[in-house]
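A short write-up of the structure that comes next.
Positions are given from 1, in the same order as the sequence printed here. Nothing here was measured: the structure is a model prediction, and the numbers come from that model. Below, all heavy atoms of this structure are taken into account, side chains as well, without hydrogens, waters or symmetry copies.
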Amino acid sequence: MALGSPKVSIFGAAFPAKVSTIAIAIGGLASFFVFGLLLRLSYPIGSSVSGVFYGNATPELVQVPLSLSNHTVEGLYTGSDVSVSDQNLTSHSSSGGPDAVASENIPPPGFDSDKKLLVDGKEETAEKKTDIGSGEGEGEGDTNVSKAGDTPSVVSSPPHDDSKTASAEPGTGLFKDECDLYQGSWFYDPEGPVYTNNSCPVITQMQNCQGNGRSDKGYENWRWKPSQCDLPRFDAKKFLELMRGKTLAFIGDSVARNQMESMLCLLWQANCCFQVETPVNRGSRKMQRWLFKSSSVMIARIWSSWLVHQFNEKFDYAPEGVTKLKLDLPDERIIEALPKFDVVVLSSGHWFAKQSVYILNDEIVGGQLWWPDKSKPMKVNNVEAFGISVETILKSVATHPNYTGLTIVRTWSPDHYEGGAWNTGGSCTGKEEPILPGKLVKNGFTEIMHEKQATGFNRAVEGVSESSKVKLKLMDITEAFGYRHDGHPGPYRSPDPNKITKRGPDGRPPPQDCLHWCMPGPVDTWNEMVLELIRRDVEGGKRNS
């Protein structure tokens, strides 16, 4: 009866076209929602959204379980000094077996042959993405464009407590928007480095891997991703603005030089499309210096093998010609230059494998590859000497009356000599990708040197008074870079077209460098971290004020 009522009949008669149009619209809308629901279930948008937050690259992550690396520093060292035999510590080599040459068709770590990415133990489909002067006393021995439609896949690392990050500012931890930079993973970034070996003119030839004939380039594309935040790509303009009118100094050995050259290349960025500025060389043999005039930013470098006072003259029963180290006195060249610097990156350690005599309180207490009376035990071996030297230089920096800058201690740079030391057949030949999670072979020498360095850092921090304006930060790169055996020059140390790059018929590898880092390469990540630490320091100072 209701359907036959005059009201309904009049409505239907008066508007027949509108009713049919509405019906069609409702049906189309319902079909659209059903189609959208099916599409959503088939292709989750989470990974696409992650691309917005993680940048425009397509990460293929290698999870790095940083079990040893003590970025909180406290609690790393307990008890008395560990006594380690000199015989076992004279060289820093891995205990791994023969090198395995990577196949050209092996997919990046984390993928199986069907291009399935392992995420938390489960399989998810994903597409594979595609010389300046060496300095005084040195003795150690194209931008890709990401493709549209790439789908990022993220592997998370376990959370890490940042509340105990060591700082010379008592009671100061990380701000809420800051995270531990050293807990994370390596991911493959198809965008590639911000400079090339051809675009930067200051690369030492031994680190110019592409220029020396290395054929693979994948090692240039792996970037570091902290577990709880992003580590931005290096921004030269931002760096120069933060450091306007200031000086950044790298102090240490040839690995410090490696990092300084990386910084210059990142600031130069003289690729096809973008160039910040060509710096002016204002250096001398005593100190290398490069000035960026527009911002009055100076990049400096001081060569200091051990960071403590050294001399060669005869001392007690140690003859002339053997290097002597006064472990309780800092390198006077560093102390003299400190007032000129605003940010200092300190690094050392590898020269403690070289011959030297150790002196404390004007008494010979030990030596490396030198000890005249084998019947008497040494009080200090090379590992313990390293820890003492770190404490000595940091205390001297922190108590300097005319220095109030930021001091960053870059931890031990791991080498990757497998099957021997640098001079006994050790090799990193054929390494083309980061080490897979769980496959890292611990290097005892690296671990103990890292521990002694962190111990020396801790002791220096504990000795700094609350009134000190000097800030000490530990940039703990050691374990994360233990996974980057692919980033060294290996046999590609020179442009000699006749150099040997393969193992011989007897299986022996050619002479190679598994200590320094290719440029571009993993070493550039260190300076991304330096920029982030400077940013935090500047912004933290603004917040505190």
Note, V343 side chain near I408 side chain (heavy atom, < 4.5 Å): yes
Geometric cation-pi criterion R484 and W186, 6.0 Å radius, 45° cone: yes
Test item: N221 side-chain N/O and D189 main-chain N/O as donor-acceptor pair under 3.5 Å: yes
Carboxylate-amine/guanidinium proximity below 4.0 Å for R223 and E528: yes
Look at the side chain of E261 and the backbone N and O of T204, then say whether any donor-acceptor pair between them is shorter than 3.5 Å. yes
Would you check if the distance from the ring center of H350 to the ring center of F352 is below 6.0 Å? no
Report yes if the side chains of R410 and M529 come closer than 4.5 Å at any heavy-atom pair, otherwise no. no
Verify the distance criterion only: is there a donor paired with an acceptor across the side chains of T323 and Q355 at less than 3.5 Å? no
Main chain of H309, side chain of D331: is a donor-acceptor contact present, judged purely on distance under 3.5 Å? no
Is it true that a side-chain atom of T392 and a backbone atom of L327 form a donor plus acceptor pair closer than 3.5 Å? yes
Of the options V530, V409, T411, which is the one that meets M475 in a side-chain contact (heavy atoms from CB on, under 4.5 Å)? V530
Quick check: closest heavy atoms across P522 and F481, and the distance to 0.1 Å? O-CE2, 3.3 Å
Heavy-atom donor-acceptor pair, S254 side chain to R257 backbone, under 3.5 Å: no
Yes or no on side-chain contact (heavy atoms from CB on, under 4.5 Å) for V202 and C265, after CA distance, side-chain angles and deciding distance? CA-CA 7 Å; V202 297; C265 290; 4.0 Å; yes
Set out, in order, the CA-CA distance, both residues' side-chain angles and the distance that settles side-chain contact (heavy atoms from CB on, under 4.5 Å) for I335 and L338, then state yes or no. CA-CA 5 Å; I335 301 305; L338 263 182; 4.2 Å; yes
Between W306 and the options W351, Y358, F311, the ring-ring contact (aromatic ring centres under 6.0 Å, His included) test singles out W351
Have D486 and H416 got a donor and an acceptor in their side chains that come within less than 3.5 Å? no
I'd like to know if the side chain of T424 and the backbone of G420 have a donor-acceptor N/O pair within less than 3.5 Å. no
Are the charged groups of K379 and E384 less than 4.0 angstrom apart, N to O? no
Do the side chain of K314 and the main chain of D316 share a donor and acceptor less than 3.5 angstrom apart? yes
Do the non-hydrogen side-chain atoms of L531 and L242 ever get within less than 4.5 Å of each other? yes
Shortest non-hydrogen separation from P489 to C209 and the atoms involved: CA-SG, 3.5 Å
Begin with the C-alpha distance, continue with both residues' side-chain angles, and end with the deciding distance and a verdict on ring-ring contact (aromatic ring centres under 6.0 Å, His included) for F445 and W412. CA-CA 10 Å; F445 187 79; W412 176 268; 5.6 Å; yes
Does a salt bridge link R535 with E532, judged by any charged N lying under 4.0 Å from a carboxylate O? yes
Test L346 against F457 for side-chain contact (heavy atoms from CB on, under 4.5 Å), laying out the working first. CA-CA 11 Å; L346 285 171; F457 177 86; over 6 Å; no
Taking all non-hydrogen atoms of both residues into account, name the closest pair between F250 and A256 and its distance. CB-O, 4.1 Å
Walk me through whether Y317 and D373 qualify under side-chain contact (heavy atoms from CB on, under 4.5 Å). CA-CA 11 Å; Y317 54 89; D373 189 351; over 6 Å; no
Just by modelled atom types, is the C514 backbone N or O under 3.5 Å from a matching donor or acceptor in the Y417 side chain? yes
Work out which heavy atom in L307 is nearest to a heavy atom in S348; give both atom names and the distance. CD1-OG, 3.3 Å
E313 and K324 ion-paired at < 4.0 Å: no
Within a strict 4.5 Å, meaning less than it, do heavy atoms of the R459 and V390 side chains meet? no
Would you indicate whether the side-chain heavy atoms of K473 and L406 approach each other to under 4.5 Å? yes
Between N527 and D524, is there a donor-acceptor pair closer than 3.5 Å when you use the side chain of the first and the backbone of the second? no
F234 ring center within less than 6.0 Å of W526 ring center: no
Do we see a donor-acceptor contact under 3.5 Å between the side chains of Q512 and S427? yes
Measuring only between side-chain heavy atoms, which start at C-beta, is L472 closer than 4.5 Å to V464? yes
Here the pair of heavy atoms bringing P437 nearest to Y483 is CA-CE2, 4.2 Å
Please give me the minimum heavy-atom distance between P414 and I477, naming the atom from each residue. CD-CD1, 4.2 Å
Tell me whether the centres of the aromatic rings in Y403 and F341 are closer together than 6.0 Å. no
Is there a donor-acceptor pair under 3.5 Å between the side chain of K326 and the backbone N or O of P330? no
Check this for me, if you would: do E479 and K442 make a salt bridge, where the nitrogen-to-carboxylate-oxygen distance has to be below 4.0 angstrom? yes
W224 versus D230: any side-chain heavy-atom pair under 4.5 Å? no
Residue of the set R244, K237, K238 for which side chain to side chain donor-acceptor pair (under 3.5 Å) holds with E241: R244
Is the shortest heavy-atom distance from the side chain of P226 to the side chain of L231 under 4.5 Å? yes
Any chance the rings of H516 and H488 have centres within less than 6.0 Å? no
